[in-house]
Q: 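Have a look at the structure that comes next, please.
Below, read A as the first sequence line, B as the second, and so on, with proteins coming before strands; counting in each chain starts at 1.
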There are 4 protein chains.
Amino acid sequence: MTTRRAEANNRLDTIIDAGARCFAKAGYDATTMRDIAALTGILPGSIYYHFKSKEDLFVAVHDAAIERICRGVTRAIKPGAEPWARLEQAASGYLDSMLGNDAMYAALIVMEFPRRRSQPLRSKLIAQRDRFERLFVDIIEDLPLKETVDRRYWRLALMGMLAWTHVWYRSNGDSPKVIAQKLVELLRDQTGA
Amino acid sequence: MTTRRAEANNRLDTIIDAGARCFAKAGYDATTMRDIAALTGILPGSIYYHFKSKEDLFVAVHDAAIERICRGVTRAIKPGAEPWARLEQAASGYLDSMLGNDAMYAALIVMEFPRRRSQPLRSKLIAQRDRFERLFVDIIEDLPLKETVDRRYWRLALMGMLAWTHVWYRSNGDSPKVIAQKLVELLRDQTGA
Amino acid sequence: MTTRRAEANNRLDTIIDAGARCFAKAGYDATTMRDIAALTGILPGSIYYHFKSKEDLFVAVHDAAIERICRGVTRAIKPGAEPWARLEQAASGYLDSMLGNDAMYAALIVMEFPRRRSQPLRSKLIAQRDRFERLFVDIIEDLPLKETVDRRYWRLALMGMLAWTHVWYRSNGDSPKVIAQKLVELLRDQTGA
Amino acid sequence: MTTRRAEANNRLDTIIDAGARCFAKAGYDATTMRDIAALTGILPGSIYYHFKSKEDLFVAVHDAAIERICRGVTRAIKPGAEPWARLEQAASGYLDSMLGNDAMYAALIVMEFPRRRSQPLRSKLIAQRDRFERLFVDIIEDLPLKETVDRRYWRLALMGMLAWTHVWYRSNGDSPKVIAQKLVELLRDQTGA
DNA sequence: AATGAATGAGACTTCATTCAT
DNA sequence: CATGAATGAAGTCTCATTCAT
């Protein structure tokens with residue numbers, strides 16, 4: 001039944017949501033299954049019906065985070081717009097998500113991966129993150145930059161600037177949208193003549 | 001004798017060095033006092049003769065890291081040079097330190113702070129990090145930028161770009177020095193004229 | 001089923017019982033969670049499912065002790081009897097409990113509180129001890145003592161005499177009941193007439 | 001040289017004094033050699049030049065405590081006085097010492113012995129305590145009590161009453177001397193008609 | 001006599017995980 | 001699906017004690 005699946009998903013989603021909140025606030029290691037369970041309203045042991053392990057749960061949470069940010073970015077982009085505008089929209093969508101509504105989720109993307117953990121885990125997380133970065137690769141491809149500009153460096157520079165906002169952003173200053181515009185502008189004058 | 005004094009300090013330094021290695025590799029939470037002790041060759045409990053707690057040790061390690069990176073940056077700057085050159089030198093020194101010799105130490109600076117930890121800890125770490133950032137504030141102050149440019153954003157953009165290299169740098173690509181030059185260049189054309 | 005409920009509580013009771021035995025024998029500080037766990041047959045860590053901390057467990061044990069001694073005292077008192085008889089019965093019940101069956105528990109009451117410990121702990125313990133002392137306050141209230149006698153001192157004197165038996169009692173001498181009678185008698189001739 | 005011996009003794013006394021303070025405040029187990037050293041101004045390891053072990057130090061401290069209380073009691077007794085007066089003086093001296101000046105030392109006498117400790121330790125402590133109790137045995141011997149009164153019980157009752165003051169005494173109530181008088185009086189009317 | 005450094009055993013506690021019910 | 005109880009390994013930290021200097 002659809003109802004059944006919906007309910008099942010709800011349980012999962014509740015746990016993932018609680019997980020996101022905890023992981024984002026305290027980091028992977030400092031978050032306990034008990035913390036997550038408490039936020040969900042179920043007992044710690046019960047999580048294991050839904051997820052094989054803490055790592056598995058983290059992967060799911062991370063995936064949900066990527067999903068959400070990607071959606072935020074995609075939604076912000078107006079398909080017909082010109083490349084520079086599209087970039088600004090994308091950056092805006094990213095920061096809006098990361099510093100605003102989905103802060104809880106987005107923090108996970110910028111967060112360092114759980115360290116000293118199984119290699120399979122790292123691979124999965126990196127693959128997920130790539131999904132997000134590809135969004136920008138494509139837009140930057142279309143940008144009319146000077147021939148001499150190394151597009152890879154250009155992109156990495158932008159990603160760094162944007163991610164770093166997570167470190168210094170304060171909610172009482174410029175809005176995410178404004179920040180995104182200003183940051184993109186700093187790189188913009190590179191345009192061919 | 002200098003030798004004697006050096007030796008006296010050696011114990012502390014040995015522990016701090018081991019701490020740096022471990023914290024950088026595994027993060028704060030996933031690093032155990034055992035790990036650090038093992039690397040030092042003393043017993044876990046013995047660390048407590050020198051440091052009151054794991055947090056205290058981390059602060060000391062973090063401080064040493066900042067110290068080292070600051071030294072790396074400062075040493076790279078040629079006092080008489082013109083502002084843009086000085087900035088390039090500073091960036092170069094930073095990345096050299098962070099991606100090269102002192103990688104182990106530098107990772108700690110870019111690393112997120114241990115979370116869900118005592119507030120005093122955070123304050124101390126933030127104060128230490130400020131010491132490093134001030135180095136760049138001063139140089140950027142002297143830069144001949146267009147009037148319209150917000151120097152704070154400009155600086156944060158640069159710091160983000162540089163810090164982010166820690167995520168994507170691979171030792172088989174461009175050298176830290178080259179990367180520094182390329183990144184600074186991306187922001188440079190902002191100059192008037 | 002009653003059996004079921006009893007069994008359910010058994011886990012807690014088993015731990016409390018083991019705790020009583022250990023704390024009474026070795027004192028708070030010298031008792032380890034391992035000791036208690038070993039007596040219970042579970043692992044040290046498992047105790048923490050039932051009690052948040054060693055202090056918490058001690059409070060529970062202390063409470064059980066008070067409960068038991070109070071019950072012993074109350075049971076020994078024959079409601080209709082005249083005041084002096086009631087006092088003798090109470091003292092008898094007290095010493096019977098303390099020096100006999102519940103020795104293990106009673107030692108905890110006379111025991112000094114765990115020192116240099118959290119204030120909340122001390123308050124709880126004192127509150128519990130008060131519960132026990134009130135039993136005697138009430139009886140002594142009814143005693144026909146000379147006007148000149150300070151009832152508070154009288155009570156404290158009695159409590160001291162009774163508690164001190166814990167220091168000198170040997171099971172091969174007078175029985176607790178006889179001791180109680182003799183001690184009460186020493187204070188009795190204060191009566192008017 | 002006398003000077004040398006005096007100095008040597010001073011060291012010892014300083015440590016014993018610090019030990020008394022600590023043991024009395026925190027109990028045996030909760031007192032650390034570090035605590036005592038800190039109060040003395042020397043390093044923990046240095047105590048071991050003077051005392052073979054913590055237990056040894058405790059015995060010395062306990063001995064000093066007994067010594068002091070005995071002195072307090074003896075000094076309070078006026079040799080020529082009649083038995084009841086002498087008892088009152090002794091009790092007064094005891095409580096004065098225990099609740100007043102030497103509180104720090106006296107607490108140790110009423111304190112439970114370190115538990116779960118070597119038997120030799122216990123024997124030594126009991127022997128020391130006996131020294132103190134004998135003071136009262138002798139006085140009570142001379143008391144003109146009714147034939148029917150069991151002098152041993154009488155003494156144990158008194159000792160219990162006096163020791164128990166340690167539990168309820170507050171410095172803002174009656175003075176130790178007054179308390180002593182009142183308590184002795186409660187037992188006094190036993191005198192042969 | 002004292003210090004600085006270390007030892008080693010053991011303390012309390014946490015936590016991912018399991019499993020019978 | 002969930003719970004209650006337990007496990008076992010590991011973690012941080014403490015402390016009496018030792019010993020070369």
Q: Under 3.5 Å, is there a donor on one side chain and an acceptor on the other for B/D17 and B/T14?
A: no

Q: Looking only at atom types and distance, does a side-chain atom of D/S46 sit under 3.5 Å from a main-chain N or O of D/I42, one as donor and one as acceptor?
A: no

Q: Distance-only, no hydrogens or angles: does the C/K54 side chain make a donor-acceptor pair with backbone N or O of C/T31 under 3.5 Å?
A: yes

Q: Output a table of nitrogen or oxygen pairs between the protein and nucleotides 18-21 of chain F separated by less than 3.5 Å.
A:
none

Q: At what distance, to the nearest 0.5 angstrom, does CE of C/M33 lie from CD1 of C/I47?
A: 4.5 Å

Q: In whole angstrom, give the distance that lies between atom CZ of C/F51 and atom P of E/dC12.
A: 15 Å

Q: Would you call D/R122 and D/L125 a side-chain contact if the rule is heavy atoms closer than 4.5 Å?
A: no

Q: If you write DNA chain F from 5' to 3' in dot-bracket form, with Watson-Crick or G-U pairs under 3.5 Å, [ ] for crossing pairs and | for pairs with another strand, what do you get?
A: .||||||||||||||||||||

Q: If we take the C1' atom in both E/dA1 and F/dT21, what is their distance in whole Å?
A: 13 Å

Q: Taking A/T32 for the side chain and A/R34 for the main chain, is one N or O donor matched with an acceptor at less than 3.5 Å?
A: yes

Q: Who passes salt bridge (charged side-chain N to carboxylate O under 4.0 Å, His left out) against B/R131, sequence neighbours left out?
A: B/D63, B/E67

Q: Would you mind telling me which residue lines up with the more 5' stretch of DNA chain E, B/R34 or D/L43, judged by nearest nucleotide?
A: D/L43

